[in-house]
There are 2 protein chains.
Amino acid sequence: MIAQSFVNQPNVYRQKYSISYDKLMAKRRSSSSRKPTLVDVAKAANVSAITVSRTIRSPELVSPQMRIRVEAAVEKLGYSPDPAASALASRVTHNIGLLLPSLTNTVFEDVLDGIYEVSEETRFFIQIGDTRYSALKEEALIGTFLRQKPAGLILTGFEQTEKARKMLSSAHCPIVQIMDYGGTPIDMAVGFDHEAAGYAAAAHLIECGYRNPGCVGARLDARSRRRLDGFRKACQEANLWDERRMVTTPQSSSVGLGRHMLEEMLSKDETVDAIFCNNDDIGIGVLVEAQRRLISVPDQLGICSFHDMEMTKHMHPALTAIATPRYEIGKMAFEMLLAEIDQPQSVKKRIVNSGFELKKRSSTKNLAGKF
Amino acid sequence: MIAQSFVNQPNVYRQKYSISYDKLMAKRRSSSSRKPTLVDVAKAANVSAITVSRTIRSPELVSPQMRIRVEAAVEKLGYSPDPAASALASRVTHNIGLLLPSLTNTVFEDVLDGIYEVSEETRFFIQIGDTRYSALKEEALIGTFLRQKPAGLILTGFEQTEKARKMLSSAHCPIVQIMDYGGTPIDMAVGFDHEAAGYAAAAHLIECGYRNPGCVGARLDARSRRRLDGFRKACQEANLWDERRMVTTPQSSSVGLGRHMLEEMLSKDETVDAIFCNNDDIGIGVLVEAQRRLISVPDQLGICSFHDMEMTKHMHPALTAIATPRYEIGKMAFEMLLAEIDQPQSVKKRIVNSGFELKKRSSTKNLAGKF
DNA sequence: GTGATAAATGATTGCGCAATCATTCGTCAA
DNA sequence: TTGACGAATGATTGCGCAATCATTTATCAC
């Protein structure tokens with residue numbers, strides 16, 4: 001029931017105060033035990049409250065001497081604004097909502113890192129929601145976040161539910177969708193084309209001379225599915241596709257899972273001579289398992305990984321991978337949000353293709369100069 | 001200047017509305033274009049506002065028929081409470097502040113995952129701050145977080161500044177310090193003893209028969225330093241210590257750095273026959289580099305890693321490691337917070353030793369049964 | 001010197017909710 | 001039948017700030 005969604009757990013009442021209400025109030029009102037408010041600062045500086053507010057929020061609107069006076073009072077009293085009161089009065093917070101499908105995934109950590117890097121020097125806070133790859137959880141979280149009147153929102157991908165899209169389009173804050181390119185953004189977007197990335201991986205493997213390319217994919221969200229689609233498409237165009245060499249699982253990716261998936265791939269078609277892995281965990285797992293089975297990489301088996309976390313280039317052999325600019329995407333998303341918040345409508349809404357990069361390493365045959 | 005810390009960037013003023021103020025207000029007041037409030041719901045249900053508030057927050061205090069009536073009105077109007085107003089009136093939010101030293105580190109992701117797992121079904125939100133291993137940044141973030149009147153706070157370690165501790169001890173919310181054990185908590189704590197962990201690693205290597213143990217450590221925060229201290233202590237007790245075999249760097253850990261550090265270790269003392277690695281990135285880097293140099297693991301070189309992320313056990317050879325219960329720590333920290341929030345003072349403040357576990361694998365010689 | 005304009009500052013009000021205290025109603029024992 | 005008590009509900013107030021509009025003070029052209 002919708003109406004229940006925000007209904008709290010039953011509260012246990014706190015122990016009643018033993019001192020009287022009047023005393024309590026008197027104590028609260030005495031400036032000594034109370035956090036100073038805008039009004040306290042105003043009194044101390046002998047100005048009006050709104051001037052203090054202005055000095056803090058828009059110092060360029062008050063005269064230099066007034067600024068000094070107010071800032072002195074602020075410092076003297078140790079005043080700091082109450083975000084709740086500010087939010088209530090202005091109908092907007094300084095929170096930026098961020099919805100990610102997973103928190104235990106290098107991919108999103110790097111995005112997160114980029115976002116935090118930029119947000120650090122601003123007045124904004126990041127509030128993260130973990131959707132666990134569920135559009136319904138995402139929908140619920142979007143509702144929760146919007147209730148807080150965020151200054152902006154960052155979402156992952158384009159796969160929001162109808163209801164979520166409706167809520168978002170009537171929201172009064174800028175929104176950036178990240179990690180994908182080519183869909184229809186609600187507002188702004190920055191990411192890369194997953195189908196093109198899968199296609200590029202296949203093209204590289206084929207170019208290397210592999211003739212039985214396959215791919216393994218874990219946790220098939222829309223984006224990884226499109227990567228596989230792109231991969232398949234390139235193989236089909238080269239007449240090298242066999243659907244048996246598409247091995248997938250809904251489980252979340254891990255190195256252990258990658259090992260299992262190579263096993264499964266081999267059991268379905270042992271002629272496979274190159275594998276595109278959905279992401280790095282799987283890629284490393286496939287490499288490790290190949291080595292355990294004494295399958296030589298890249299000669300008997302070429303491996304192309306996806307995302308390219310730091311570790312992949314240190315493997316033996318170093319993993320060829322499609323590198324994705326995760327950190328940059330996070331950074332850019334936040335910057336786009338900031339620009340919109342500070343100058344709404346003044347900037348053209350942006351839809352950015354961040355691109356990706358094929359890193360050719362030794363887990364695929366390097367035929368450069370050989371043809 | 002302190003007074004400046006919350007002073008905003010200059011705001012750019014929004015374009016003025018072209019319609020008149022009166023019209024705007026009239027529009028805002030018309031129930032059609034305004035988000036419904038508690039009062040709207042109260043009118044619709046023909047009850048007082050406070051009863052609606054109670055129905056939502058403490059349904060056990062209203063009669064069943066009243067509850068049905070109010071909930072019907074809530075659903076009909078699509079009402080959802082305004083967190084800002086709630087925070088202002090009650091002087092507390094539903095935010096839980098979480099301060100982590102790094103976001104791109106499997107260790108903290110796992111903690112995060114545990115916290116989010118538990119928080120999901122509650123009325124609380126997590127607000128993450130990234131201290132970047134700086135006590136001063138942490139201090140600033142603590143100030144920022146406290147201003148928001150959080151329901152609780154989770155901090156990493158015991159190394160807060162004097163000023164931060166002062167702010168925290170006068171805070172009116174429960175606090176859990178995680179990832180460490182043995183210090184003096186501000187309030188509650190859950191973590192493990194890093195010195196004991198380092199000691200255990202050394203004891204294992206020595207037990208395996210290694211006679212020239214060393215250790216490599218990156219990003220020497222207080223906790224990793226204590227691990228190294230414990231390691232050194234055990235080696236000294238066994239009369240097997242040589243300070244040249246302590247290789248450290250302030251840089252943040254990575255696989256590439258692990259490779260460099262093995263190189264450095266060998267250049268300082270090539271007789272080293274076992275290495276304790278500060279964490280898994282370094283451990284994998286050391287393993288990879290050893291293999292590149294054709295140093296056989298575990299015979300010529302034993303390796304013991306720290307934390308034990310999923311990947312380590314899939315390496316060849318599988319890495320021996322001290323496994324730390326990161327997920328459980330996160331989960332428990334949140335649960336401890338919850339218990340305190342719901343029943344303040346009723347539960348004994350907890351200081352929990354989560355322990356750790358030595359996972360013996362093939363990167364160290366297994367002498368079990370050989371003596 | 002006057003009026004016009006801009007810059008700087010102030011008075012008032014209400015954002016939406018929860019804490020407080022007050023009241024009403026029903027139930028039960030004496 | 002009465003009074004006491006607890007359960008259920010309500011009226012009022014203020015949390016701390018920012019939006020609005022109003023006013024005052026400086027600045028300048030003529």
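Residue numbers start from 1 in every chain, and the chains themselves are labelled A, B, ... in the order their sequence lines are given, proteins ahead of strands.
- A residue-by-residue look at A/A87 and B/R69 shows that B/R69 has its nearest nucleotide of DNA chain D further toward the 5' end.
- Separating the CD1 atom of A/I56 from the C1' atom of D/dA18 is a distance of 12 Å, rounded to the nearest angstrom.
- Using modelled atom types and a 3.5 Å distance limit, the side chains of B/S169 and B/R165 yield no donor-acceptor pair.
- Summary for the helix from C/dG1-D/dC30 to C/dA30-D/dT1: the axes at its two ends, each from 5 pairs, differ by 30° when rounded to the nearest 10 degrees.
- Judged by closest nucleotide on DNA chain D, B/T51 is the one of B/A85 and B/T51 placed further toward the 5' end.
- Contact between the side-chain N/O atoms of A/S63 and the OP1/OP2 oxygens of C/dT9 is found at a separation under 4.0 Å.
- In the set C/dG16, D/dT9, C/dG14, C/dG14 carries the atom at the smallest distance from any side-chain atom of A/A89.
- In this structure, the CD atom of B/Q65 is 11 Å from the P atom of C/dG26, given to the nearest Å.
- Donor-acceptor pairing under 3.5 Å, judged by distance alone, is absent between the side chain of A/R91 and the base of C/dG16.
- Between the P atom of C/dA11 and the CG atom of A/N46 lies a distance of 10 Å, rounded to the nearest Å.
- A salt bridge is defined here as a Lys NZ or Arg NE, NH1 or NH2 lying under 4.0 Å from an Asp or Glu carboxylate O, and A/D82 with B/K149 meets this definition.
- Note: CG (A/D40) to C1' (D/dG16) measures 10 Å, nearest angstrom.
- Side chain to side chain, A/R67 and A/S63 fail the donor-acceptor criterion of an N or O pair below 3.5 Å.
- Judged as a side-chain contact (heavy atoms from CB on, under 4.5 Å), and not counting sequence neighbours, the contacts of A/K137 are A/R132, A/S134, B/E120.
- Whole-Å rounding puts the A/L38 CG to D/dA18 C1' distance at 9 Å.
- Rounded to whole angstrom, the span from the NE2 atom of A/H94 across to the C1' atom of D/dC17 amounts to 12 Å.
- In this model, the phosphate group of C/dC17 is not approached by any side-chain N or O of B/S53 to a distance below 4.0 Å at OP1 or OP2.
- Taking only side-chain atoms of B/R57, from C-beta outward, the nucleotide of D/dG16, C/dC17, C/dA19 with the closest atom is C/dA19.
- Dashed line: the shortest gap from a side-chain N or O of B/S48 to OP1 or OP2 of D/dG10 is under 4.0 Å.
- Listed for the B/T144 side chain is a donor-acceptor partner under 3.5 Å among the backbone atoms of B/A140.
- Among C/dA19, D/dA18, D/dG14, the nucleotide with an atom closest to any side-chain atom of B/S90 is C/dA19.
- In this structure, A/I50 places its CD1 atom 14 Å from C1' of D/dT23, rounding to the nearest Å.
- At whole-Å resolution of the value, CG in B/D82 and P in D/dA18 are 15 Å apart.
- The neighbour count for A/K331 NZ, taken as heavy atoms of other residues, nucleotides or ligands under 6.0 Å away, does not exceed 12.
- By the side chain to side chain donor-acceptor pair (under 3.5 Å) test, B/T161 pairs with B/E139, sequence neighbours left out.
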